[in-house]
There are 2 protein chains.
Amino acid sequence: MSTPSGPAPGAALEIVHLLRATTVELGLHSARFAHRNGMHPTDVRALIALMDARRAGEEMSAGRLGGVLGLNSAGTTALVDRLEGAGLVRRVRGERDRRRVVIEVEDRAVELGWAFFGPLIERSVELLRGCDDHQLAAIRDFLTGVREAAAGGR
Amino acid sequence: MSTPSGPAPGAALEIVHLLRATTVELGLHSARFAHRNGMHPTDVRALIALMDARRAGEEMSAGRLGGVLGLNSAGTTALVDRLEGAGLVRRVRGERDRRRVVIEVEDRAVELGWAFFGPLIERSVELLRGCDDHQLAAIRDFLTGVREAAAGGR
DNA sequence: GGCGAATATCTTGCTGAGCGAGATGATAGG
DNA sequence: CCTATCATCTCGCTCAGCAAGATATTCGCC
């Protein structure tokens, strides 16, 4: 009994382990989605980044997409070729700056993603429905803290 | 007003989004670890699986490792060749069944992993230190539920 | 005990994602 | 206009992972 506020000694480590296991499982879930649609993990990451940008109301150019995913220009071109060939995105020449190529997601990709990830999202929301403000704040603070710690590791 | 106990309408969705962002950030963190040590993402996943097995007191054979990672036998052999060449694991012929090859992690790999992931783990534990039992239970139940939902998607 | 089926790993040859270097097309500054 | 710069694409290559088959070991059956 040396921890003044900690309720159980190994409980925290157990939760850290559980977060890692959850991360792994979500990764496998994405991999299944990719495999089932003849895609690669990078393609799924690209679609997620594109949809995030769209939700934020931002344009995503080819170069920026490559930067987010850590690809060089050649790999980015090949990626967009794959996605465009699969009918999931389209290239649109930049209006203001005609050097740029803006990548837009087709509705089909959004539907595809929602059909696969929708149930998981709904289930997650349902899991949170039984929580009070105090508990939601704890979950939010924990995830935010871990995310910042992981990002802070340079 | 349709949610009887839900405290805020969009708060749940926000947390789901936050979990995904955290997952992405943890993946990037692993990728940095891999890149910094001249490894590939699969190599890191393999080391994690090996250390998990060791902590659970189980032996990890080459075939089982490949199964966990979703590789076929050829890819598994190449993976173990890489890790062995880097001095991170060693092959040990099975004692009871001499067809098997048991993969054991070298101490060096454990130290390497701890040096990189240790601070993140410690920070996570610290984040949980301020939580009471009620909040810890909420975090645990949420993560467990999401993990099961992701795994349940076949 | 010995023989054939089953099991675990390794070898060979190939496909394709991603990298480095450089070409092509578009814009801005003098 | 002419050059420097920027965004993207093309070419040639490397290497992770797959499919198929070779090799070594064990187990069941007679």
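A, B, ... follow the sequence lines: proteins, then strands. Residue 1 opens every chain.
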Expected rows: protein N/O vs nucleotides 26-30 of chain C N/O, under 3.5 Å:
| from | atom 1 | to | atom 2 | distance (Å) |
| --- | --- | --- | --- | --- |
| C/dT27 | OP1 | A/R98 | N | 3.1 |

Roughly how many Å is it from [atom1] in [X] to [atom2] in [N], rounded to a whole number?
X: A/H35; N: D/dC18; atom1: NE2; atom2: C1'; answer: 11 Å
X: A/R82; N: C/dG16; atom1: CZ; atom2: P; answer: 11 Å
X: A/M39; N: C/dG16; atom1: CE; atom2: C1'; answer: 16 Å
X: B/R45; N: D/dA16; atom1: CZ; atom2: C1'; answer: 13 Å
X: B/M60; N: C/dT9; atom1: CE; atom2: C1'; answer: 16 Å
X: B/D81; N: D/dA16; atom1: CG; atom2: P; answer: 11 Å
X: A/N72; N: D/dT10; atom1: CG; atom2: C1'; answer: 12 Å
X: B/H40; N: C/dC19; atom1: NE2; atom2: P; answer: 11 Å

At less than 4.0 Å, is any side-chain N or O atom of B/R100 found next to OP1 or OP2 of D/dT26? Yes or no.
no
Ignoring backbone atoms, establish whether A/T42 has a side-chain N or O less than 4.0 Å from OP1 or OP2 of C/dG18.
yes
Look at all strands and tell whether [X] reaches a base, only sugar-phosphate, or nothing, counting heavy atoms closer than 4.0 Å.
X: A/R64; value: nothing
X: B/A78; value: nothing
X: B/G70; value: sugar-phosphate
X: A/S61; value: sugar-phosphate

A/S73 or B/A62: which one's nearest nucleotide on DNA chain C is closer to the 5' end?
B/A62
Can you work out whether B/T76 or A/A74 has the more 5'-proximal nearest nucleotide on DNA chain C?
B/T76
Considering only heavy side-chain atoms of B/L71, the closest of C/dA21, D/dG17, C/dT9 is D/dG17
Using the rule that two of Ile, Leu, Val, Met, Phe, Trp, Tyr join whenever any of their side-chain heavy atoms come within less than 4.5 Å, decide whether B/L83 and B/V110 are in one cluster.
yes
Going through the checks in order, is the side chain to side chain donor-acceptor pair (under 3.5 Å) test met by A/R20 and A/H17?
CA-CA 5 Å; A/R20 195 174 57 60; A/H17 193 267; 3.3 Å; yes
Pair [X] + [Y], salt bridge at N-O below 4.0 Å:
X: A/D81; Y: A/R91; result: yes
X: A/R123; Y: B/E148; result: no
X: A/R64; Y: A/E59; result: no

How are the rings of A/H29 and A/F117 set to each other: parallel, tilted or perpendicular (split at 30° and 60°)?
perpendicular
Sole candidate of B/R93, B/R99, B/R100 that passes side-chain hydrogen bond (donor to acceptor under 3.5 Å, both in side chains) when paired with B/D97
B/R99
